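See below for the structure under consideration.
Everything numeric here is computed off the predicted structure, so don't read it as measured data. Labels below follow one simple rule: chain letters A, B, ... track the order of the sequence lines, proteins then strands, and each chain is numbered from 1.
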Amino acid sequence: MTTIEKPTYTIIGTRPIRPDGVEKVTGKAQYGADIRLPGMIFGRVLRSPHAHARIRSIDTSAAESFPGVLAVLTHADFPVAADRVEELGETAVNLKELSENILAAGKALYRGHAIAAVAAANPHVAEEALKLIKVDYELLPPVTDVRDAMREDAPLLNENRYTKELGGAKSDKPSNIASHVQFQSGDIAAAFADADHVVEREFTTKMVHQGYIEPQNSTASWNSDGTLVIWTSTQGAFSVRAQLSEILKMPVARIKVVPMEIGGGFGGKLPIYLDPVAALLSKKSGHPVKVVMNRTEVFEGTGPTSGTYIKLKAAEKGGKLTAIEATLAYEAGAYPGSSVGAGAMCMLSPYNIENFKIDGYDVVVNKPKTAAYRAPGAPASAFATESVLDELAKAAKIDPLQFRLQNSAHEGTRMVTGVPFPRIGHEEVVEAALNSAHYRSPIEGPYRGRGVASGFWFNAGMQSSVVVSVNTDGTVNLTEGSTDIGGTRASLAMQLGETLGIPYDTIKPTVVDTDSIGHNDVTGGSRTTFASGMAVYEAGMDVQREMLKRASKLLNAPETDLVYEHGGVHVVSDPAKKMSFKEIAAQSARTGGPINGKGSVLARGAGAAYGTHIVDVEVDPDTGKVTILRYTAVQDVGTAIHPAYVEGQIQGGAVQGIGWALNEEYYYDDTGRMANSSFLDYRMPTTLDVPLIDTILVEVPNPGHPYGVRGVGEVPIVPPLAAVANAIADATGHRFTDLPISPRRVVEELHGLG
Amino acid sequence: MRRSQVQARINGADIDFLCEPRQSLLEVLRDELGLTGTKEGCANGNCGACSVMLNGRIVNSCCVLGVEAEGAEVTTIEGVAHGDQLHPLQQAFLEEAALQCGICTPGFIIGAKALLDREPNADEQRIRHWLAGNLCRCTGYDKIIRAVLRAEEHMQEATKA
Ligand code: FES
Ligand code: FES
């Protein structure tokens, strides 16, 4: 581990067992689908078999009278939704489109689009009743590829959609291009004219899914007093509550969302799908209703990330990256809102480039509405940038990491938005990669090669609330509202332990429902350990202040002569006079009542994350199989609160990226049907597809956080796509520009077929 | 639909239950018996989240019918620890941080236990082969493999002691 200017901590940097661990290894932890309520019935959703169709009518009468059916629902049961955009963690949604995505109104825009729902006492009966719902569809031609959708003569998903052009202008004709963004600076024409080398390439990536193992689920109880309780697996209970309030037109305080344990999300569990359906089925039937998706529904009916087309031209002169010109077109799915803006903003962030012009297009297609997926938008654009950079380095005869280092962004470099970076760690990361045992080792043998690539992600701050309650025995309850998706109970309890100087195992963190704590934004944007950690620090400082007050009474000394240190208070002028945290806690009832601390933050100063990955591959030219021989991920993690979970984030992200590079894709037939909507056919990496993933944690503390925390969860998925492609280019001499680099593609391109 | 009566030994206890012929063992465990530690990731045999031991064999419980459990011995994740005493695999998963979201964990522990019961010295490659039917999307498998190797050490120390 490379450590830079790191203070000494007692708890931060250790690897304690997570507080929720035992429940999870013994099968006791309650995930969303595990809930069971008295009188509970089961909902199922009818989905469009067509990629694009007008819904002429829906006849639910036969389903309604089917024995055992207790409620049937269509979009007509929803209140009319406002045509307004809401921020939803990492993505913004239009509420009308959100409500039409939950149950289709007027048109089915993709195969898998929810049309109606049924609730019955038995899930199999609900499933049977779905078949009795008669939907009269008028089939329309589908368009599933981003470039096809951009053509003037493409079938339109929405006849009333016009392109939002730069500066707020609108296109004259309706279009599937929902919006156009642009970033530019300098003089690219001059830089290209003056370059030593110019490389121009076109890249495509396919729609891929987050692939969380737990399907979406929601259980609702509409109570007779008009309140609603929802139990669900979500990255943001407060966001679910806000969206439900809008869609159901209910006051926020009448809705309680109980966040259950969550089986993965990666951005995919930010949007809501089932919650309003379960809620209204419960209202109609008078029973609590549980709805759980099956795997095909997860693939076809929830938000994956965009398929993309990227054209990129880059120039180099004397070893310096001088110009980039790029066009990005991202599939938004059925409704606008792809991550093309983020893709455009991230693609140059590791570097210092004076001249650039980037155009981005957000394009609707007849596929599921995309959702965030780990560093949304960045992996595809980094695939393009980092592939071309590799070619430029080669043309300039410079080591690819050295080339990245000498063109690296650093403190003060401007992002494409014009905002200068604060202290960032890309240079440190590339240096650590250059010095790594992996990079210094030889790579030999036929069809073997090594690739590297860098990646960037902003990381988010946003709002968090926590409450710290000190018990009279010196133990502490930490009440928080951020979904724990991979160890944040531990990382937050550790920060509280550090702040108060008390042992980790005296702190019990609990993630509570929306009635029981103030607002918390979503667990997304790699923000929880950073921003909720800041709230924890504030709450801890609040407790410290209160402890000083109490100690002043107990030690008979003025507060100005007291200091809180090492888990207790002592008198500065007479250090022998002191009391421990536990002793002060024990006296709280006699010194002013319970000791509570509160932390409430709008966290600014999220520190950007950088990663550089090194991968060795072997390509079998006959079968097309690409074997990952060795993989090392280097990342600036700010401060690793719990290094094991930091490494885990990096390893998991890297392997998702490997899957994206080599295998995963939504495979569509001509009718717009996804042909591989099962885990077997979608083919995510298994234990056999990857080696151990080495990590190198570089710690460049984030000046915007009391413990230097940077978000760590997202950036590790950014470099692998290009790192793998670069390694394959090194191994074969052939540059692959279309993902996935599946065995079939390898064989076809290496043998000049296809 | 008519429900059949089934008798099975589940986690060491004799249990009678009623189930429809169309219900999978996974549904029975989760919905009828409240043993929700066994998870559903796909319901068609592709993810291993629903792994249980059936008569000493590891199966995907989503691909077995509830009625097939008649007279059988079933072990689920709830039956792996002895009271408060965690199985070495469970302990190793905690120590190695081998779970992030944890939804795949019961399946991995059941799967790995089936391997270690037979082959207490399985090496990394053997473990990878054995667990290839269990999907984890969070960890990249690194810490899971390390946890299984560490559990082997724990178990060997325990037998020596
Ligand atoms: S749920 Fe049985 S294998 Fe996935
Ligand atoms: S820990 Fe989340 S799927 Fe394995």
Name, in order of residue number, those residues of residues 35-45 of chain A that have a heavy atom at a distance of less than 4.5 Å from a heavy atom in chain B; otherwise write 'none'. A/Arg36
Is it the side chain or the backbone of A/Pro16 that comes within 4.5 Å of chain B heavy atoms, both, or neither? neither
Do you know which of A/Lys28, A/Gln30, A/His642, A/Gln210 has the most heavy-atom pairs under 4.5 Å to chain B? A/Gln210
Specify which of A/Gly648, A/Gly264, A/Ala490 makes the most heavy-atom pairs with chain B at under 4.5 Å. A/Gly648
Given heavy-atom pairs under 4.5 angstrom as the criterion, report whether the side chain, backbone, both or neither of B/Thr105 touches chain A. side chain
Under a 4.5 Å heavy-atom cutoff, which of B/Leu89, B/Asp31, B/Ile145 has the most pairs with chain A? B/Asp31
Among B/Gly133, B/Gly37, B/Ala132, which has the most heavy-atom pairs under 4.5 Å with chain A? B/Ala132
Is B/Leu94 in contact with chain A via its backbone, its side chain, both, or neither, using a 4.5 Å heavy-atom distance? both
Is A/Asp20 in contact with chain B via its backbone, its side chain, both, or neither, using a 4.5 Å heavy-atom distance? neither
Give every residue pair that meets the salt bridge (charged side-chain N to carboxylate O under 4.0 Å, His left out) criterion with at least one member in residues 84-104 of chain B, sequence neighbours excluded. B/Glu95-B/Arg150, B/Glu96-B/Arg150
Does B/Arg3 pair with B/Glu32 as a salt bridge, N-O distance under 4.0 Å? yes
Using a cut-off of under 4.5 Å on heavy-atom pairs, state which of A/Leu692, A/Leu680, A/Asn122, A/Ile693 scores highest against chain B. A/Leu692
Give me the ring orientation class for A/Tyr373 and A/Trp660: parallel if the planes are under 30° apart, tilted from 30 to 60°, perpendicular past 60°. parallel
May I ask you to decide whether B/Arg57 forms a salt bridge with B/Glu68, counting only side-chain N to carboxylate O separations under 4.0 Å? no
Chain B: which of A/Asn294, A/Asp484, A/Val22, A/Ile650 shares the most heavy-atom pairs with it under 4.5 Å? A/Val22
Checking side chain to side chain contact (heavy atoms under 4.5 Å, CB included) against B/Ile109, which of B/Ile144, B/Asn134, B/Ile77 comes through? B/Ile77
Looking at chain B, which one of A/Pro685, A/Pro123, A/Gly21 has the largest number of heavy-atom pairs inside 4.5 Å, strictly under? A/Pro685
Check: A/Thr523/A/Gln235 side-chain N/O donor and acceptor closer than 3.5 Å: no
Non-hydrogen side-chain atoms of B/Tyr141 and A/Asp689 separated by less than 4.5 Å: no
With a 4.5 angstrom heavy-atom cut-off, is it the side chain or the backbone of B/Leu135 that approaches chain A, or both, or neither? both
I'd like to know if B/Glu20 pairs up with B/Arg2 as an ion pair, taking the criterion as any Lys NZ or Arg NE/NH1/NH2 lying under 4.0 Å from an Asp or Glu carboxylate oxygen. no
Check this for me: does any side-chain nitrogen of one of A/Arg295 and B/Glu40 sit under 4.0 Å from a carboxylate oxygen of the other? no
Please determine, among B/Gly34, B/Cys104, B/Gly102, B/Ala43, the option with the most heavy-atom pairs under 4.5 Å with chain A. B/Gly102
What is the minimum heavy-atom distance between A/Tyr631 and A/Ala654, and which atoms define it? CE2-CB, 3.8 Å
As an exercise: rank A/Asp694, A/Thr686, A/Val655 by heavy-atom pairs under 4.5 Å with chain B and give me the winner. A/Thr686
If you take the centroid of each ring, where Trp contributes its six-membered ring, are A/Tyr31 and A/Trp231 closer together than 6.0 Å? no
Winner by heavy-atom pair count (cut-off under 4.5 Å) against chain A, out of B/Glu27, B/Gln125, B/His87: B/Glu27
Got a salt bridge between B/Arg126 and B/Glu119, using NZ or NE/NH1/NH2 to carboxylate O under 4.0 Å? yes
Using a strict threshold of under 4.0 Å (side-chain N to carboxylate O), is an ion pair present between B/Arg22 and A/Glu128? yes
